[in-house]
Structure formats: C-alpha cells, structure tokens
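Written out below as structure tokens is the structure these notes cover.
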Amino acid sequence: MKIIECPRDAMQGLHDFVPTELKIEYINKLLKVGFDTIDFGSFVSPKAIPQMRDTAEVLDGLELGSSKSKLLAIVANVKGAEIASNFEEIQYLGYPLSLSETFQQRNTNRSIDTAFDNLAEIQDICQSDDKTLVVYLSMGFGNPYGDPYEIDYVGQFVDRLDEMEIDVVSLADTIGVATPEIISPLFRTLIPKFPHIEFGAHLHSIPTTAKDKVKAAFDGGCRRIDGAVRGFGGCPMAKDDLTGNMATETIIDFLNENEVTTGLDELIFKEAINFSNKIFLN
C-alpha cells in the first residue's frame, strides 16, 4: 500500500506565506516517517499559487539521504515541467487534468483539449529526463457544474492517457462529492481494464465520512492513496466551499484496523503532526 503525503496540497491555499525554513523543517520530519512519496511543492506561476514560490529553495534544504520517500512536484504547463525536470531529486511530476471543462479553465486557464496537448509535451519531457508523470484527474468522481460525468466518460480519458503511456493516474475528488457508491465501482471498472496503469485516489472528505471513502477505494482495488496531516488543505482553484483533504491519520487507522502493513514510523509521524501546528494553527 502506497501512502502519498501531501504537504504541498495542505499549504498551498494558506493566506499567510509559510517561511521557507519552516516548510523545510516540516517536510524533513515527514521524510523520516516512511511514506512512499511526498508531494512537497509545485513549479507553477507564483501569481496563481504564491505559497509555492519557494519550491526550489525548499528542495535545496531537504534531507533526502536517509529517506526512502520519493518526491513529487506539481506542474501546470510545459515550462513548469522543464524547470522541475532539471532537479534530479524529484522522481514524479504531477499534472492536473480535469474531467470537467469548467474546472480545467478555472484551474489552468486552458481547455481540456489544450491540456491534453500540453500533457503530451510534458510526458516527452518526463521520458527524456527519467521522471514519472502522475496525472491527477480532477473532478474524478463528479462535478458541481453540470459537466458530463459517468464511468464510461472517465474511461475515455484513461484510454487517451494509456495511449500516451502514462503510468500513474490518480482520481481526485476535488470538492468532496465522492461517495463509497461511486468510488468502489469506478476503481473496480478501471483497474482490470488498464492493468499497466497504477491508479491512485486523492480524496477530500469531512471527518465523519472519511474512513468509509478510504474503505471504498481499498475495496475497489486501489493501493495508492493521498493524504495530508489532519486533513489540512484543499484546492484553492475550485472556488467553492471545500471539504478538507483526506487526513493521513484516517488512512493509517483504516489500514491498521485491517492489518495492512504500512511500514511507517508512527512515533515520528506523531511528532510531525504536533509540528504541523506551527504551520496551520498560527
């Protein structure tokens, strides 16, 4: 089971800028926990996401030598991918591709068709520079805009991604609309159909429904799931009332209850949770 910890997603919408040294200290604690991957930053326009304008400086301060975690950085266009690919320390580039035309425009100011064109160029960059591209299908479980959505529609997107040799596709519940009745059947349909793709879940939730959503993803065959300490954060580009990210503690609790080995150092994780107060509760 791969757990992807997402301090980038947790921090990116904060109004006050988190000092670079504080980001570095926090992420270095997370690097000691044993997560498969840390989604640590993004190479996007500082006008769009000012909180992440120091990603390169943060990367320079990370203590990677003793960590088994891989690093993921979000990019929104070809320029960002070119910058991110220059850093040997980064293994994954994440690209947001929306199933909703409305949200694609909101999030990246371009159409879905244009986003696919960009994606093809970014995949070429990744393949040339030995990076793995993770495509986040935002609005992956439905949308509030009345844009098309059904399992077959999602499958059409994944077909195109499969043709582009995308290895990892994470379905993102951008505004928390997913229910277990949607989550499990979607993974059960997609995973057997696309055996060469690793599917992930990036879920948002209120606390009372969180564990049911994790269970639905797991029961559907998903073995890659994103979380953020204490459920902090959410997508600032959605511009709607947001539920929080999936709390990493909820994911771990579910796995422990079902005797699924995580390989995480939970004592260090508790230290990271306590440290998170300095960032999110000040």
Side-chain angles (χ1 to χ4, degrees), residues 1-14 18-42 51-52 54-74 87-92 94 132 134 168 170 198 200-205 207 210-211 213-215 217-218 222-234 244-282:
M1 186 74 188
K2 296 181 179 180
I3 302 178
I4 317 303
E5 177 61 33
C6 303
R8 183 273 316 168
D9 199 3
M11 287 188 281
Q12 68 178 4
L14 294 177
V18 178
T20 302
E21 288 303 317
L22 194 58
K23 289 189 180 100
I24 290 171
E25 191 172 357
Y26 180 49
I27 296 172
N28 275 333
K29 289 184 180 299
L30 294 172
L31 282 166
K32 296 177 182 178
V33 177
F35 295 110
D36 180 83
T37 302
I38 305 289
D39 174 356
F40 83 101
S42 61
Q51 188 65 251
M52 294 292 107
D54 60 348
T55 290
E57 290 81 3
V58 169
L59 178 59
D60 190 53
L62 297 184
E63 299 167 359
L64 301 171
S66 60
S67 176
K68 67 178 184 180
S69 299
K70 298 175 281 292
L71 293 181
L72 182 150
I74 297 294
F87 294 96
E88 293 184 4
E89 303 94 330
I90 298 173
Q91 288 83 15
Y92 292 111
T132 298
V134 179
V168 186
S170 190
E198 178 184 359
H202 183 100
L203 302 170
H204 290 190
S205 183
K211 193 168 289 188
K213 293 184 180 186
V214 175
K215 182 180 186 301
F218 187 83
C222 177
R223 295 296 182 267
R224 177 189 179 98
I225 189 164
D226 292 10
V229 165
R230 297 172 69 177
F232 290 126
N245 278 307
M246 179 62 65
T248 309
E249 307 92 285
T250 300
I251 301 169
I252 294 172
D253 286 347
F254 169 79
L255 295 174
N256 286 341
E257 289 168 5
N258 288 272
E259 300 182 346
V260 178
T261 302
T262 65
L264 303 181
D265 188 321
E266 295 193 29
L267 183 60
I268 295 178
F269 181 54
K270 289 179 180 177
E271 294 176 5
I273 292 175
N274 291 334
F275 186 89
S276 72
N277 293 336
K278 296 182 180 181
I279 294 177
F280 299 103
L281 299 183
N282 286 336

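Quick caveat, the model's predicted, so the values are computed rather than measured. Both backbone and side-chain heavy atoms feed into the values below; hydrogens, waters and symmetry mates do not.
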Steps toward side chain to side chain contact (heavy atoms under 4.5 Å, CB included) verdict (Arg223, Phe218): CA-CA 6 Å; Arg223 295 296 182 267; Phe218 187 83; 3.4 Å; yes
Atom pair [atom1]/[atom2] of [X] and [Y] - distance to nearest 0.5 Å:
X      : Y      : atom1 : atom2 : result
Leu64  : Leu59  : CG    : CG    : 7.0 Å
Lys70  : Thr132 : NZ    : OG1   : 9.0 Å
Glu266 : Ile268 : CD    : CD1   : 11.5 Å
Leu72  : Ile90  : CG    : CD1   : 8.5 Å
Asp54  : Thr20  : CG    : OG1   : 3.5 Å
Thr248 : Ile225 : OG1   : CD1   : 9.5 Å

From CA spacing to verdict: side chain to side chain contact (heavy atoms under 4.5 Å, CB included), Glu5, Val33: CA-CA 10 Å; Glu5 177 61 33; Val33 177; over 6 Å; no
Closest non-hydrogen atom pair, [X] against [Y]:
X      : Y      : value
Lys68  : Gly263 : NZ-O, 3.8 Å
Ala228 : Asn245 : CB-CB, 3.8 Å
Ala272 : Lys29  : CB-CB, 4.3 Å
Ala201 : Ser170 : N-OG, 3.6 Å
Gly34  : Ser69  : C-OG, 4.0 Å
Leu203 : Val214 : CD1-N, 4.4 Å

Side chain to side chain contact (heavy atoms under 4.5 Å, CB included) between Ile279 and Leu14, worked out: CA-CA 9 Å; Ile279 294 177; Leu14 294 177; 4.0 Å; yes
Quick one: does [X]'s side chain get under 4.5 Å of [Y]'s, heavy atoms only?
X      : Y      : value
Ile4   : Arg224 : yes
Phe280 : Val229 : no
Asp265 : Lys32  : no
Leu281 : Phe232 : yes
Lys23  : Phe40  : no
Asp9   : His202 : yes
Ile252 : Leu255 : no
Ile74  : Arg8   : yes

Trace of the side chain to side chain contact (heavy atoms under 4.5 Å, CB included) decision for Asn28 with Leu31: CA-CA 5 Å; Asn28 275 333; Leu31 282 166; 3.6 Å; yes
Parallel, tilted or perpendicular: rings of Phe275 and Tyr26 (30°, 60°): parallel
Neighbour count >12 (heavy atoms, 6.0 Å) for atom CD, Glu257: yes
Residues, nucleotides or ligands: over 12 heavy atoms within 6.0 Å of Asp60 CG: no
Heavy-atom donor-acceptor pair, Gln91 side chain to Leu71 backbone, under 3.5 Å: yes
Under 3.5 Å donor-acceptor, Ser205 side chain and Met246 backbone: no
